[in-house]
Amino acid sequence: MNTHIQIQDLNVYYEKNQALKNINLDIPRDQITVILGPSGCGKTTLLKSINRFLELTDGTHVTGRVIIDGKNIYDPDIDVTDVRKKAGLLSQRPCPLPMSIYDNVAYGLRLHGHKKGKSLDKKVEHYLQAAGLWDEVKDRFDSPAARLSIGQQQRLCLARGLAIEPEILLGDEPTSALDPLSAKHIESRLHELKQAYTIVLVTHILRQARRLADYVVFMYLGELIEYAPANQFFQNPQEERTRSYLEGEI
């Protein structure tokens, strides 16, 4: 396995409540790793530890290491902005910026030095195509992003996230607010994007995990219970709690 992210002895506390307990995990490069588990088990906390979004919640304390490309992102000399550029987050509900479709994608590109002109236009087109949205919006670039359907907005947010050129895509139940057709669009994009990105997804939908996962992490009460290639995880789980979860008992 070509490891991209190493999580070592990770503990996360919200005030006095310990949300993650001594997590050790290697996440492979250019694969889809799905984090499963019942509500409140630490799935989203683990996901957000990978781009330091946890620090946006007051009273959070983190110990341990998350190593990306050989560097611990929790070292004091690490630029948090660089971490979040490297590992972009697609949230449950789309949050387009209050501007045009074009400017939503161009926003991050401009922040990183891309000027107006054909070069910027080509990059916007490229990322809209990567998100599977180009054909639907190419004739209405100047329309407000808020006029798109919620499924289209989520793909626009995906395009915007890709435009800052991350290495890692994090998805926190990115299809949970979408209708089945829109969810299928996002899933198909993720299948294609794993050729170039390391993808880590939280989902509560077992069928989706079976469709998407190359590797599966099973969390329960803040602990990592089982981690395995998807085929092994679903066909021959090693832990009793994993089997109980897959059978709908916990």
Side-chain angles (χ1 to χ4, degrees), residues 4-5 29-32 47-48 50-53 56 68-69 73 79-201 212:
H4 193 173
I5 304 164
R29 187 181 299 272
D30 299 342
Q31 301 281 293
I32 297 178
L47 185 79
K48 291 183 176 180
I50 297 171
N51 68 352
R52 292 183 59 168
F53 258 51
L56 301 178
I68 300 176
D69 297 329
I73 66 171
D79 186 329
V80 177
T81 301
D82 288 343
V83 171
R84 293 175 184 160
K85 180 179 182 295
K86 185 172 286 190
L89 178 67
L90 192 63
S91 59
Q92 291 184 16
R93 297 193 67 84
C95 299
L97 300 172
M99 53 184 67
S100 71
I101 294 167
Y102 180 95
D103 286 334
N104 261 268
V105 184
Y107 180 81
L109 292 166
R110 290 176 178 139
L111 285 179
H112 291 93
H114 293 280
K115 306 299 183 183
K116 291 182 180 179
K118 290 184 178 180
S119 174
L120 183 61
D121 292 346
K122 287 182 178 179
K123 282 190 170 291
V124 169
E125 177 181 344
H126 170 76
Y127 291 115
L128 285 169
Q129 286 184 337
L133 192 57
W134 169 252
D135 288 339
E136 296 165 49
V137 302
K138 62 184 179 183
D139 297 323
R140 48 174 174 151
F141 271 159
D142 295 331
S143 296
R147 291 185 184 172
L148 295 172
S149 71
I150 191 167
Q152 290 172 325
Q153 288 180 26
Q154 189 69 309
R155 282 182 282 151
L156 180 64
C157 290
L158 176 59
R160 189 180 74 210
L162 294 175
I164 64 170
E165 300 181 345
E167 296 178 7
I168 299 160
L169 295 177
L170 308 176
D172 186 10
E173 299 191 30
T175 67
S176 63
L178 307 183
D179 63 85
L181 181 58
S182 296
K184 187 176 180 180
H185 277 305
I186 292 290
E187 288 186 12
S188 67
R189 292 298 106 193
L190 294 173
H191 263 302
E192 293 181 11
L193 289 168
K194 76 174 183 179
Q195 308 303 320
Y197 301 89
T198 298
I199 300 175
V200 186
L201 298 176
L212 288 176

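In this structure, the side chains of L133 and Q152 come closer than 4.5 Å at one or more pairs of heavy atoms. Taking the side chain as every heavy atom from C-beta outward, I199 and L212 never approach each other to under 4.5 Å. Contact annotation: the side chain of D30 never approaches that of H4 to less than 4.5 Å [non-hydrogen atoms, C-beta and beyond]. With a 4.5 Å cut-off on side-chain heavy atoms, L148 and E136 do not count as touching. Contact annotation: the side chain of L201 never approaches that of L90 to less than 4.5 Å [non-hydrogen atoms, C-beta and beyond]. Looking at heavy atoms from C-beta onward, K48 lies in side-chain contact with D172 at the 4.5 angstrom threshold. The closest side-chain heavy-atom distance from I168 to N51 is not below 4.5 Å.
For N104, the side chain to side chain donor-acceptor pair (under 3.5 Å) partners two or more places apart in sequence, or in a different chain, are R160. With sequence neighbours excluded, the residues that form a side chain to side chain donor-acceptor pair (under 3.5 Å) with K194 are D214.
Checking side-chain atoms of Q154 against main-chain N and O of P174 turns up a donor-acceptor pair under 3.5 Å. Using a distance-only test at 3.5 Å, with no hydrogens or angles considered, no donor-acceptor pair links the side chain of S100 to the main chain of P144. In this structure, R84 contributes its side chain and R52 its backbone to a donor-acceptor pair below 3.5 Å.
One distance of note links CG of L97 with SG of C157; it measures 7.5 Å at 0.5 Å rounding. Taking CD1 of I101 as the start and CG of L128 as the end, the distance is 8.0 Å to the nearest 0.5 Å. Here I5 contributes atom CD1 and L170 contributes atom CG; the two are 7.0 Å apart, rounded to the nearest 0.5 Å. Here the CZ atom belonging to F53 is positioned 10.0 Å from the CG atom belonging to L47, to the nearest 0.5 angstrom. Distance check: Y107 OH to I164 CD1 gives 11.0 Å after rounding to the nearest 0.5 Å. Atom CZ of R93 is separated from atom CD of E173 by 12.5 Å, given to the nearest 0.5 angstrom.
The nearest pair of heavy atoms linking E165 to K85 is O-NZ, 3.9 Å. Listed here is the closest heavy atom pair of V105 and A163: O-CB, 3.6 Å. The heavy-atom pair separating A145 from L156 by the smallest distance is CB-CD2, 3.5 Å. Contact between R155 and G132 at its shortest, heavy atoms only, is NH1-O, 2.6 Å. Closest approach of L178 and I150 over heavy atoms only: CD2-O, 3.8 Å. The two residues V83 and I50 make their nearest non-hydrogen contact at CG1-O, 4.1 Å.
Within a 6.0 Å sphere centred on CZ of R140, heavy atoms belonging to other residues, nucleotides or ligands number more than 12.
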Worksheet entry | Worked verdict on R110 versus D103 for side-chain contact (heavy atoms from CB on, under 4.5 Å) | CA-CA 9 Å; R110 290 176 178 139; D103 286 334; 3.0 Å; yes
Worksheet item: Where do E125 and K122 land on the salt bridge (Lys or Arg N to Asp or Glu O under 4.0 Å) test, with the steps shown first?
Response: CA-CA 5 Å; E125 177 181 344; K122 287 182 178 179; over 6 Å; no
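D69 and R29 are joined by a salt bridge, as a carboxylate oxygen and a charged side-chain nitrogen come within less than 4.0 angstrom of each other. Ion pairing between E187 and K184 fails under the 4.0 Å rule for side-chain N and carboxylate O.
Ring-plane geometry between Y102 and F141 is classed as perpendicular, the angle between the planes exceeding 60 degrees on a 0 to 90 degree scale with a lower cut at 30.
Of the candidates C95, P94, S182, Q153 forms a side chain to side chain contact (heavy atoms under 4.5 Å, CB included) with just one, namely P94.
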